[in-house]
Amino acid sequence: MGKIAGNIITPDSKFSGTVTWSNESGLIESVNEGIEKNADIFPDECVIFPGFGDIHIHAREDVSGKQTYKEDFLSSSLAAINGGVCHVADMPNNPIPPIDDESYAAKLKLTENKPIHITLYAGIGPTTRPLSTSVPYKAFMGPSIGELFFESNAALENVIQHYVGQNVSFHCEDPEVLIENKNKKTHEERRPREAETLATDFALYLIEKYNLRGKLCHYSTGDGLQKIIAAKKRGVRVTCEVTPTHLMFDTSILNAENRHWFQMNPPLRGPEDREAMLKGVLDGHIDYLATDHAPHTIPEKIKGISGISQLDTYALFVTYMINVLKVPTSLIARICSQNPGDFINPYLNGKYGKGFGYLKPGYAANFSVLNLKKPLLFTKSMIQSKSGWSPFENFEFPGSIEALYFLGKPCRESKSS
């Protein structure tokens with residue numbers, strides 16, 4: 001029998017309590033108010049969340065092995081653990097993408113026996129059809145890293161019509177806008193905000209028309225967010241993500257020396273959009289904190305490849321959200337724990353009891369424990385991702401990661417007493 005105790009946080013409650021689980025099954029057996037003396041007790045400056053999940057990463061591994069020099073399922077798992085994350089969901093834009101039963105099963109086999117759980121998205125491309133089993137899907141509306149994208153909205157709808165009722169996540173950048181602006185001077189000008197807002201209109205149209213369970217990835221524009229809010233109000237089944245970088249940085253920080261490090265798709269926006277994303281979190285309109293962890297090597301980044309490596313700092317950034325951005329801990333429990341759990345639980349097939357994201361009996365004993373009063377200077381030497389770099393190098397976070405448990409087993413050294 002395992003037990004931890006301390007300040008417990010869920011989307012609906014905050015209390016001093018004790019969580020007990022079975023060491024055999026790794027599932028929670030009880031959650032009670034009050035501190036039990038025979039538990040591992042975390043001090044008052046710590047908070048215990050249901051285990052965090054990052055449902056948008058690029059682990060780079062597939063059966064070809066061509067990109068494992070960037071990252072693989074083991075190194076991304078270690079980066080996740082380093083970042084206080086219990087489970088991740090990996091995107092399909094690989095050299096050999098998982099687009100049918102055979103290719104999906106082959107990639108899924110590579111995720112076995114890793115220290116955390118890894119969910120896989122299947123790719124949607126110009127000739128794909130749904131798999132025979134239930135899985136989440138990803139559609140790249142415009143050119144991105146990889147080959148799974150569409151040249152026009154008509155081509156996308158021609159395929160999406162076969163995915164009625166499925167769980168589809170969209171990378172919202174309008175392909176025609178990207179083509180029109182491809183010769184502009186800067187990356188931000190080549191991928192302007194109207195590329196996202198126009199693609200949002202079409203993604204919402206597809207979600208509503210084909211009754212999709214839709215998710216809009218790494219959202220970055222205030223105008224587009226208003227479209228999502230309006231769609232939710234009229235009953236469209238749509239959710240959206242935001243990344244740490246779009247909450248922390250904007251175009252005002254860019255210069256000739258750092259521009260290549262902050263190149264990503266979608267790019268950084270202006271201060272007004274960054275502020276709109278934070279307001280979207282605070283008002284409960286943004287559903288997930290997801291990194292879009294895209295580990296490229298340092299030489300690749302210097303050459304101008306898009307993508308940000310930031311899985312190592314997921315929970316550290318959460319301490320910044322709580323202490324500096326003043327995001328309530330209850331909202332953190334929703335967008336980092338419960339909602340990611342709800343996203344992947346339908347695909348776990350009972351492997352982990354009732355699944356992830358809740359501190360309730362029958363759910364996995366996954367816990368992300370943060371110390372909100374112990375600052376941490378994040379240095380290059382702390383990075384576990386193969387990429388070997390982070391936009392947060394030498395940044396002092398206002399808190400730190402006290403412990404991480406997966407199925408009741410500590411993944412990081414616990415400093416409880």
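- Looking at Ser387, its side chain never comes within 3.5 Å of a backbone N or O of Pro295 through a donor-acceptor pair.
- Taking the six-membered ring for Trp and the full ring otherwise, Tyr358 and Tyr363 have centroids separated by under 6.0 Å.
- Side-chain contact between Ile401 and Ser368: absent, with no pair of heavy atoms (C-beta onward) separated by less than 4.5 Å.
- For the residue pair Glu71 and Ser76, no side-chain donor N or O sits within less than 3.5 Å of a side-chain acceptor on the partner.
- Ion pairing of Arg259 with Glu188 is present here, as a side-chain N (NZ or NE/NH1/NH2) and a carboxylate O approach within less than 4.0 Å.
- Nearest heavy-atom pair across Ser400 and Leu376 is CB-CB, 4.1 Å.
- In this pair, Phe356 and His117 present their aromatic rings perpendicular. The plane angle is above 60°, beyond the 30 to 60° band.
- In the model, Glu393 has no side-chain atom that pairs as donor or acceptor with a side-chain atom of Ser390 under 3.5 Å.
- Counting only heavy atoms from C-beta outward, the side chains of Ile55 and Thr119 never approach each other to under 4.5 Å.
- Looking only at distances, a side-chain donor or acceptor of Asn371 sits under 3.5 Å from a matching main-chain atom of Lys373.
- In this structure, Thr319 contributes its side chain and Leu316 its backbone to a donor-acceptor pair below 3.5 Å.
- Annotation: the span from Met382 atom CE to Leu377 atom CG amounts to 6.5 Å, rounded to 0.5 Å.
- Contact record, Ala80 with Val88: CB-CG1, 4.0 Å, taken as the closest heavy-atom pair.
- Residues Leu212 and Asn167 are not in side-chain contact: their nearest non-hydrogen atoms beyond the backbone lie 4.5 Å or more apart.
- Residues Asp250 and Ser252 bring a donor and an acceptor atom of their side chains to less than 3.5 Å of each other.
- Nearest heavy atoms, Pro244 versus Ala290: CD-O, 3.8 Å.
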Q. Step by step, would you call Ile116 with Ile81 a side chain to side chain contact (heavy atoms under 4.5 Å, CB included)?
A. CA-CA 8 Å; Ile116 62 169; Ile81 291 169; 3.7 Å; yes
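- Side-chain polar atoms of His187 and His260 form no donor-acceptor pair below 3.5 angstrom.
- Thr128 and Tyr163 form a side-chain donor-acceptor contact under 3.5 Å, judged by distance and modelled atom types alone.
- A donor atom on one side chain and an acceptor atom on the other are found under 3.5 Å apart for Lys107 and Asn94.
- Taking the six-membered ring where tryptophan is involved, the planes of Tyr121 and His56 are tilted, since the angle between them lies from 30° to 60°.
- By the 4.5 Å heavy-atom criterion applied to side chains, Tyr352 and Asn366 are not counted as neighbours.
- Donor-acceptor pairing under 3.5 Å is lacking for the side chains of Tyr314 and Asn82.
- In this structure, Leu216 CG and Cys172 SG are separated by 4.5 Å, a value rounded to the nearest 0.5 Å.
- Using a 4.5 Å heavy-atom cutoff, the side chains of Pro98 and Tyr137 are not in contact.
- Taking each heavy atom of Ile286 and Ile335 in turn, the nearest pair found is O-CG2, 3.4 Å.
- Using modelled atom types, one side-chain atom of Glu61 and one backbone atom of Phe73 make a donor-acceptor pair closer than 3.5 Å.
- Of the N and O atoms on the side chains of Lys301 and His296, not one donor lies less than 3.5 Å from an acceptor on the other residue.
- A donor and an acceptor atom, one from each side chain of Asp90 and His58, are nowhere located under 3.5 Å apart.
- Under the 3.5 Å distance criterion, with hydrogens and angles disregarded, a donor-acceptor pair is assigned to the side chains of Arg191 and Asn265.
- Of the possible polar contacts, one joining the Asp312 side chain to the Gln384 backbone as a donor-acceptor pair under 3.5 Å is found.
- Expressed to the nearest 0.5 Å, how far CE of Met277 lies from NE2 of His285 amounts to 11.0 Å.
- Tyr405 and Trp21 have perpendicular rings, their planes meeting at more than 60° on a 0 to 90° scale where under 30° would count as parallel.
- No cation-pi contact links Lys138 to Phe170, judged by a cut-off of 6.0 Å to the six-membered ring centre and 45° from its axis.
- One finds no salt bridge joining Arg60 and Asp72 here, because no Lys/Arg side-chain nitrogen approaches an Asp/Glu carboxylate oxygen to under 4.0 Å.
- For the pairing with His87, the side-chain contact (heavy atoms from CB on, under 4.5 Å) check across Asp54, Ile118, Ile344 returns one residue only, Ile344.
- Looking at heavy atoms from C-beta onward, Arg334 lies in side-chain contact with Asp12 at the 4.5 angstrom threshold.
- Of all heavy-atom pairs spanning Leu131 and Ile99, the tightest one is CD1-O, 3.7 Å.
- Looking only at distances, a side-chain donor or acceptor of Lys114 sits under 3.5 Å from a matching main-chain atom of Leu110.
- With hydrogens and angles left out, the side-chain atoms of Thr197 and Glu194 include no donor and acceptor closer than 3.5 Å.
- Under the 3.5 Å distance criterion, the side-chain polar atoms of Asn181 are left unmatched by any main-chain donor or acceptor of Lys184.
- Using cut-offs of 30° and 60° for the angle between ring planes, the Trp261 and Trp389 rings count as tilted.
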Q | Working for side-chain hydrogen bond (donor to acceptor under 3.5 Å, both in side chains), residues Ser306 and Gln263 | A | CA-CA 5 Å; Ser306 295; Gln263 180 172 314; 3.0 Å; yes
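- The closest side-chain donor-acceptor pair between Thr200 and Tyr219 falls under 3.5 angstrom.
- Side-chain atoms of Ile332 and Phe49, non-hydrogen and from C-beta on, do get closer than 4.5 Å to each other.
- Atom CZ of Phe367 and atom CZ of Phe52 lie 13.0 Å apart (nearest 0.5 Å).
- Crowding of Glu112 atom CD: a count of heavy atoms from other residues, nucleotides or ligands under 6.0 Å exceeding 12.
- Atom CG of Asn113 has 12 or fewer heavy atoms from other residues, nucleotides or ligands within 6.0 Å.
- Of the listed residues (Arg193, Glu196, Glu272), just one forms a side-chain hydrogen bond (donor to acceptor under 3.5 Å, both in side chains) with Thr221, and that residue is Glu196.
- With hydrogens and angles left out, the side-chain atoms of Tyr205 and Glu157 include a donor and acceptor closer than 3.5 Å.
- Using a distance-only test at 3.5 Å, with no hydrogens or angles considered, no donor-acceptor pair links the side chain of Gln226 to the main chain of Asp223.
- The residues Asp287 and Lys232 are annotated as salt-bridged, a charged nitrogen and a carboxylate oxygen being separated by less than 4.0 angstrom.
- Remark: side-chain polar atoms of Asn345 are paired, donor with acceptor, to backbone N or O of Gly341 under 3.5 angstrom.
- To the nearest 0.5 Å, atoms OG (Ser16) and CG (Asp44) are separated by 7.5 Å.
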Q.
Using the rule given for side chain to side chain contact (heavy atoms under 4.5 Å, CB included), can you reason through Val318 versus Ile322, listing the C-alpha separation, both sets of side-chain angles and the distance that settles it, and then say yes or no?
A. CA-CA 6 Å; Val318 168; Ile322 295 169; 3.9 Å; yes
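- No donor-acceptor pair closer than 3.5 Å links the side chain of Ser385 to the backbone N or O of Gly388.
- Side-chain contact check for Leu120 versus Pro92: every heavy-atom pair is 4.5 Å or farther apart.
- In this structure, Phe392 and Phe249 have tilted ring planes: the angle between them lies in the 30° to 60° band.
- Minimum interatomic distance between Leu178 and Ala195 (heavy atoms only, all atoms of both residues): CD2-CB, 4.0 Å.
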